[in-house]
Amino acid sequence: MVIPIIGLSILLVLTSTSPFSLDSNTGCNSHDWDCSLHLPLWVSETEKAAIEDRLEGWTKDLETSGADIVILASCLKKPLRPLWISQKTVIWINEVPDYDSWDFTPIILVSASSTSGVTQHRTTSEFSWNYIPGAGDDEESWARGLSPNLFWNHAYDLISTGPDVCNQKVADIVEKDRVYRARRGQDAPQITVKPSISERSPCLDPDLSNITISPSDEECGIFWLGSTNLALGSSQIAAERSSNIDCVLNCDQWPISVHHQEAEAYLHLPIVSSKMDRFSLFNNLPSAVNFAKSNLTKGRTLLICCHDGEDISVCVCLAILISLFNDEVSQVSCTPLLGSLDDGKSFSETGITKCEMRRRLVYVCKFAIKARPSSGNLKQVFSFLNSEVAEV
């Protein structure tokens with residue numbers, strides 16, 4: 001139910017804060033949009049009423065989060081509305097109306113859940129369904145080693161293969177990427193996939209004799225966070241392109257070779273995922289913050305990296321921003337903005353709340369567009385910050 005709530009909260013913010021706007025093409029203004037809550041039929045009226053009671057608070061949280069709603073308002077011509085598609089959904093292609101005729105912008109929600117396996121059966125007065133905990137958000141259980149980057153780099157190929165050979169195509173893509181990374185000394189674990197009952201033919205070994213490297217395979221970058229002198233990236237990019245950066249904080253499990261001669265310019269903290277160790281990040285954050293503080297106060301630039309530059313490094317950067325930077329009030333919106341480096345003085349006086357931490361995370365995500373911090377690591381960051389306040 002998260003996406004319908006987010007979508008409606010965005011609409012409520014747009015219609016309440018944006019000036020009256022008339023679309024020259026449709027003749028509709030945003031104040032006439034349908035801003036009611038749309039949920040799937042199997043959600044009970046009691047649950048729907050409970051969601052509606054909390055919408056006002058969620059909308060206020062979105063307004064104060066620092067998210068750039070103005071950009072969205074400039075391109076959104078129709079209200080958002082979710083549509084649900086499951087493995088049992090039947091769609092007649094010739095009966096789908098033309099998109100321009102719809103009075104809303106659809107958000108297509110595709111369920112990754114399967115009706116087979118261990119499920120919990122739930123019922124209401126009219127509907128029943130099978131619920132598989134974690135089926136949609138735990139990609140390790142169904143993605144077959146296919147990362148978001150690999151998927152989008154091969155999206156058209158995967159779609160065109162069809163369901164019969166899709167799994168074989170995925171295995172081919174994943175294995176070629178693994179070999180590509182292994183040949184360059186990068187972390188490249190073997191992916192083991194448990195075959196499903198529906199797979200009647202054996203998965204053929206992919207042909208690795210002619211591996212081609214496309215420009216998309218090299219697509220990786222360093223994301224600078226405004227004027228903070230902080231940057232995020234993967235450990236691979238740190239090893240290859242850190243020569244013009246003063247310091248590197250490596251949060252990958254494995255050390256890397258960097259172009260820095262001074263010992264204080266490089267720190268390796270082997271932090272693992274929260275699924276492997278629930279306290280790995282928490283235990284290493286004091287060293288990370290102290291390393292950042294000693295270098296940022298000298299005006300040095302700092303690159304924080306991890307295996308993919310999307311999770312652990314983002315959480316470490318978040319802890320550094322909250323611990324060492326203060327807030328400034330926007331002269332336009334009167335909302336707090338990230339200020340300047342103050343060595344933790346502001347943090348020791350004000351502490352931290354979940355709302356404040358969420359606002360700082362939004363700031364990071366504005367620049368680090370590939371950021372995907374896990375909830376387990378974010379919880380460790382929040383626990384660390386609270387423990388720091390308690391010590392003060």
Side-chain angles (χ1 to χ4, degrees), residues 147-153 177-178 180-189 213-262 264-274 280-281 284-285 287-289 291-296 299-325 338 341 360-374 377-378 381:
S147 66
N149 284 340
L150 278 179
F151 170 79
W152 288 113
N153 290 340
D177 178 70
R178 187 191 70 82
Y180 170 80
R181 288 183 285 110
R183 289 178 175 177
R184 285 153 182 78
Q186 302 170 23
D187 183 32
I213 303 173
S214 62
S216 59
D217 293 325
E218 298 285 352
E219 185 179 357
C220 187
I222 296 176
F223 302 97
W224 290 96
L225 275 60
S227 57
T228 62
N229 275 351
L230 290 171
L232 289 170
S234 66
S235 52
Q236 174 190 352
I237 204 70
E240 295 176 352
R241 307 180 187 178
S242 61
S243 58
N244 60 340
I245 297 175
D246 299 328
C247 310
V248 173
L249 174 55
N250 178 21
C251 303
D252 200 342
Q253 296 183 53
W254 313 106
I256 59 175
S257 299
V258 293
H259 307 279
H260 300 93
Q261 301 298 326
E262 301 179 9
E264 62 270 19
Y266 175 76
L267 177 64
H268 178 214
L269 298 176
I271 304 175
V272 299
S273 166
S274 60
S280 179
L281 177 60
N284 283 283
L285 280 177
S287 299
V289 172
F291 178 77
K293 182 178 180 179
S294 64
N295 286 286
L296 292 176
R300 295 175 176 174
T301 55
L302 172 62
L303 171 62
I304 307 170
C305 64
C306 64
H307 167 62
D308 55 11
E310 299 176 359
D311 184 6
I312 294 176
S313 58
V314 172
C315 292
V316 171
C317 183
L318 179 63
I320 292 172
L321 282 177
I322 296 175
S323 300
L324 303 180
F325 288 77
L338 184 68
L341 183 71
R360 292 292 181 101
L361 179 58
V362 169
Y363 175 84
V364 174
C365 293
K366 285 182 179 179
F367 301 96
I369 57 176
K370 295 183 179 180
R372 292 198 312 155
S374 63
N377 285 333
L378 289 174
V381 172

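Just the heavy atoms: all of them, side chains too, but no hydrogens, waters or symmetry mates, feed the values below. Fair warning: this is a prediction, and the values are worked out from it, not measured in the lab. Just so you know, residue 1 is the first one in the sequence shown, and it goes up from there.
- Evaluated for a side-chain contact (heavy atoms from CB on, under 4.5 Å) with Ile304, the options Leu249, Leu269, Val314, Val248 yield exactly one hit, Leu249.
- In plain terms, the two heavy atoms of Cys315 and Leu281 that are nearest each other are CB-CD2, 3.8 Å.
- Closest approach of Pro373 and Leu361 over heavy atoms only: CG-CD1, 3.9 Å.
- Remark: side-chain polar atoms of Ser313 are not paired, donor with acceptor, to backbone N or O of Leu232 under 3.5 angstrom.
- Counting all heavy atoms, side chain and backbone alike, Asp311 lies closest to Ser374 at OD1-N, 3.0 Å.
- Across Leu285, Val289, Leu225, Leu341, a single residue satisfies side-chain contact (heavy atoms from CB on, under 4.5 Å) together with Ile320, and that is Val289.
- Taking each heavy atom of Phe223 and Phe367 in turn, the nearest pair found is CD2-O, 3.4 Å.
- Between the side chain of Thr301 and the backbone N or O of Asp246 there is at least one donor-acceptor pair closer than 3.5 Å.
- In this structure, the separation between CD1 on Ile312 and SG on Cys306 is 5.5 Å, given to the nearest 0.5 Å.
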Walk me through whether Asn149 and Asp308 qualify under side chain to side chain contact (heavy atoms under 4.5 Å, CB included).
CA-CA 11 Å; Asn149 284 340; Asp308 55 11; over 6 Å; no
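- To the nearest 0.5 Å, the span separating OG on Ser257 from OH on Tyr266 amounts to 8.0 Å.
- Arg360 places a side-chain N or O within 3.5 Å of a backbone atom of Leu321 that can act as its donor or acceptor partner.
- Heavy atoms only, all atoms of each residue included: Phe291 and Cys247 are closest at CZ-CB, 4.3 Å.
- Between the side chain of Asn295 and the backbone N or O of Arg300, no donor-acceptor pair lies under 3.5 Å.
- To the nearest 0.5 Å, the span separating CD on Glu240 from CD1 on Ile256 amounts to 10.0 Å.
- In terms of heavy atoms, Ser235 sits closest to Asn250 at CB-OD1, 4.2 Å.
- With rounding to the nearest 0.5 angstrom, the CG atom of Leu302 is 15.0 Å from the NZ atom of Lys293.
- By the side-chain contact (heavy atoms from CB on, under 4.5 Å) test, Ala231 pairs with Ile222, Trp224, Leu303, sequence neighbours left out.
- Put simply, NE2 on His268 and SG on Cys251 are 8.5 Å apart, with the number rounded to the nearest 0.5 Å.
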